[in-house]
There are 2 protein chains.
Amino acid sequence: MLDDRKAAILRAVVECYIRDAQPVSSAYVTQLASLGVSPATVRNEMAVLEQEGYLLQPHASAGRVPTDKGYRFFVDSLAGPAPLGEPQAELVRMFFARTHGELEHLLHETSELLSRLTDYAAVVVAPNAPEPGRVRSFQLVTLAHQLALAVAVLANGAIERRTIELPGEVTEAQVHRASAALAAFLVGGPLERSGAVPRTGDLTTDNLASATLQTLRQPDYEGAEQVFIGGAARMATAFDAVSTIRKVLGIMEQQFVLVTLLKDVLDRGLSVAIGTEHGLASLADCSVVVAPYEVDGERAGTVGVLGPTRMHYDQALTAVEVVSKKLSKALQEGGKPSAARHRGGRARDSHGGGPGAPGRSIGSQSHA
Amino acid sequence: MLDDRKAAILRAVVECYIRDAQPVSSAYVTQLASLGVSPATVRNEMAVLEQEGYLLQPHASAGRVPTDKGYRFFVDSLAGPAPLGEPQAELVRMFFARTHGELEHLLHETSELLSRLTDYAAVVVAPNAPEPGRVRSFQLVTLAHQLALAVAVLANGAIERRTIELPGEVTEAQVHRASAALAAFLVGGPLERSGAVPRTGDLTTDNLASATLQTLRQPDYEGAEQVFIGGAARMATAFDAVSTIRKVLGIMEQQFVLVTLLKDVLDRGLSVAIGTEHGLASLADCSVVVAPYEVDGERAGTVGVLGPTRMHYDQALTAVEVVSKKLSKALQEGGKPSAARHRGGRARDSHGGGPGAPGRSIGSQSHA
DNA sequence: TCTGGCAGTCAAGGTTACCGAGTGCCAGAC
DNA sequence: GTCTGGCACTCGGTAACCTTGACTGCCAGA
């Protein structure tokens, strides 16, 4: 589609613009990309590139600026992600060497890591798949007069809990029996195990048990995706127009929108969405770099970076890639309860570090 | 300290400046505060007020702007918090009428509520006191080969969990016995119950039990304060200098600093800290309005509002006051497990609403 | 097909002048 | 003594204007 020279010129323009945030002139390209031609020739080529929609001239006497299409070509023709700088690599190594507490904490910190690696805002979407783990222990505990708590410990250390309302006439003994029956039924299998609890003979007990079972099968309201945003404040550094900052922060508030955005991008099989490629008008000046991460070999969640369209795509791609890989691995490490956890309460690794360091990012956690 | 007329003039200046964000002239004050004197007189008074440090003139031909000291006088002489507007009151009522899920979720949403009420950023610091609840149920569950999970359900529905590393030679039966012994020892009392577990006769079991007890007595690493920030993006609307926005967002990233700030203000017995009154140079353009909230009659956490020094103090004060009261009450409602929870895993109220509405704020949750 | 040169265009920056908002001060009234 | 009206003064802000310089587009010639 583009001959070598045009491609080289386009690449040069994109690179310069990403670096300097200023329109790139033909002379600058000439001296940077050693093409052996004069500025005039470059000018001609640039005029063609503009006609074809790769470049744009803010005004007549200015240099050229890449369009979304220009960035797209740049990204697609990228030799591949740049290797991570040594200091960054060290950061990643350090980060994943430490053991983190529960999943939420890990993901939250991961968003900060990614943000620090790239210097853009980072987004981490938590896994929303229900815990697949088998039940290791089940208990029904009476709390108040007409209130009980169903607590299940899953094999991976996660805890599922549901509040159960008791009809008035249930006795403590009946709760106990129902608990035992449910434990016998559930332990060793999935929490949502189908079928009915074997009858105990006592009607109230059986009713309680089946009601509890029903509740357990309903997904937790936490099922909605959780989003962690790291380094939102870096957006204020990436742009200098107040209005843009406002728009972007505004979108980041609507975390539901953000999750949908990332999902869409991934679903379209992309790892980069540039400018208007994702349909959000208020993020027209932003690009998104995403990668899924896996738990037990299955796509579980998403990590991503949100930055200006003139972002360092190569670095962002690498960072996102590396972090998603490492995160997958960290979550993979099976029984290790320090990480493979979701929705359950908190766990802490017995050798986990003390109180976390002061947050460095406007981290965000919400139920989108 | 200030005679009535000076006070009236100062108040008028502050009010106008809060409303218009523009230096206030003597003429404007004259027509607004019906003092029955001419602009010239007001000018003379304003000159005195400036000399005494209540007002400031950005430049010679400009009107006056309040200093921190001026705002302080204004706040202190405030007749009292303004009543909440009807729409706001409705918002609060609606909010607290709904049942919320677990504590974290509630606090997170509270920060958004407060932000929406005031149109500034809101901060909610979670209670950091350990759950005082009595143990209702205790269990030690083997997870992996050398890994167990201690799970305690407290009377208020909270769940405490600790990971326990098992020495290699422990059998499943021994874990079981230790679990039973610990349950017998702990249930009905506090989780940190002092004393030793009664011996079972089996050395390994006893060792495991006492090791577990030891772990239980150590505070969870989540003991560090959690902070929820709602509506951080509103800061971008409150200021129009990019550099200020950057500074403020920067501080909000360092959530540890933020917590300390709120703590300091409260400890000094203040409910409002204006401009440089709190020592943070980068928040010199900001004021903070705080109030503690209570759980079981004891100070548990803090709610606060962070806005520009020219904030609507009366409204902010009311909002913070009302929200802290209502929050205390919501958390008070004793056995109700839907709210009185911390650190434990998640619980959901059986009649809790489905997936929350899309987040409207850059909410933030971190371990400071 | 490339190149050098030249004219054209336009943003940015600096200068000037002007306007107007607001003060300070003073003399006179109450 | 206190207040007021009036007047001169001060500056920030805006607009008009010009200059500069950085580009490009185009064209004629290599």
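Below, each value reflects all heavy atoms present in this structure, side chains not excepted, and no hydrogens, waters or symmetry copies. Numbers restart at 1 for each chain; the letters A, B, ... are given by sequence-line order, proteins then strands.
To the nearest 0.5 Å, the span separating CG on Leu258(B) from CG on Leu283(B) amounts to 7.5 Å. Taking CG from Asp314(B) and CD from Glu15(B), the interatomic distance works out to 8.0 Å, rounded to the nearest 0.5 Å.
Nearest heavy atoms, Ser115(B) versus Gly231(B): OG-CA, 3.3 Å. For Arg11(A) against Ser77(A), the heavy-atom pair with the smallest separation is NH1-OG, 3.1 Å. Here the closest heavy-atom approach between residue Ala82(A) and residue Thr318(A) is recorded as O-OG1, 2.6 Å. Closest of all the heavy-atom pairs between Leu2(B) and Glu52(B) is CD2-OE1, 3.7 Å.
Side-chain contact annotation: Tyr313(A) with Ser287(A), donor-acceptor N/O pair under 3.5 Å present.
The side chain of Arg64(B) sits closest to dG24(C) out of dG24(C), dG25(D), dC23(D).
Pairing for dA30(D) goes to dT1(C), judged as Watson-Crick or G-U wobble with the two contacts each under 3.5 Å.
Between Phe73(B) and the options Asp68(B), Thr67(B), Leu10(B), a side-chain contact (heavy atoms from CB on, under 4.5 Å) holds for only Leu10(B).
One can find a donor-acceptor pair under 3.5 Å joining the base of dC11(D) and the side-chain atoms of Ser61(B).
One atom, CG of Asp20(A), and another, P of dA22(D), lie 15 Å apart when rounded to the nearest Å.
Within residues 31-60 of chain B, the residues that have a heavy atom under 4.0 Å from DNA chain C are, in order of number, Arg43(B), Met46(B), Gln57(B), Ala60(B). Near-neighbour residues of DNA chain C inside residues 4-18 of chain A, defined by a heavy atom below 4.0 Å, number-ordered: Arg5(A).
At dT24(D), one or more side-chain N or O atoms of Ser26(A) fall inside 4.0 Å of OP1 or OP2 (strictly under the cut-off).
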